[in-house]
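A short worksheet on the structure shown next.
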Amino acid sequence: MNTADREITVFAPSDDQVMVMLPRDEAKRLVNLAWHCSEELEVELNDRYSSRDEQPVQMRRYQRDMGIVLELRNVIERLSEMQDQ
């Protein structure tokens with residue numbers, strides 16, 4: 001595969017949309033890396049807020065920060081579904 005086939009192309013068809021074209025293997029790699037990051041962040045949050053069951057403030061912070069992880073995983077799942085098509 002030549003380097004032109006490996007390029008990442010970004011289109012902005014409108015103000016609220018961006019389309020990214022990249023090789024399928026690069027997309028899979030991106031999804032896998034994002035999933036790994038979400039797992040690492042979850043471990044970090046579990047350690048950081050280990051007393052969340054005893055302290056309501058810690059639980060609120062944990063839920064707030066885990067919201068980011070869950071949102072990332074939702075996007076990853078949607079991307080994975082598109083790759084399977």
Inset, instruction - With sequence neighbours excluded, give me every side-chain hydrogen bond (donor to acceptor under 3.5 Å, both in side chains) pair touching residues 28-37. - result: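 Pairs touching residues 28-37 that pass the test: Trp35-Glu39.
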Side-chain donor-acceptor pairs under 3.5 Å in residues 51-61, sequence neighbours left out?
residue, atom, partner, partner atom, Å
Arg52, NH1, Tyr49, O, 3.1
Arg52, NH2, Asn46, OD1, 3.2

Inset, instruction - Measure the shortest side-chain to side-chain distance between Val10 and Val18 over non-hydrogen atoms and say whether it is less than 4.5 angstrom. - result: yes
Legend entry - Sub-4.5 Å side-chain heavy-atom contact between Arg48 and Glu44: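 Counting from C-beta outward, Arg48 and Glu44 do come under 4.5 Å.
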Quick one: side chains of residues 66-77, donor-acceptor pairs under 3.5 Å with protein atoms, not counting sequence neighbours, listed by atom name and distance.
residue, atom, partner, partner atom, Å
Arg73, NE, Ser38, OG, 3.0
Arg73, NH1, Glu42, OE1, 3.2
Arg73, NH2, Ser38, O, 3.4
Arg73, NH2, Glu42, OE1, 2.8

Legend entry - Phe11: hydrophobic cluster co-members (side-chain, 4.5 Å):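 Other cluster members: Met19, Met21.
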Inset, instruction - List in chain and number order the residues that pass side chain to side chain donor-acceptor pair (under 3.5 Å) with Asp16, two or more places apart in sequence or in another chain; answer none if no residue qualifies. - result: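 Testing Asp16 for side chain to side chain donor-acceptor pair (under 3.5 Å), a comparison that skips the adjacent residues, returns Ser14.
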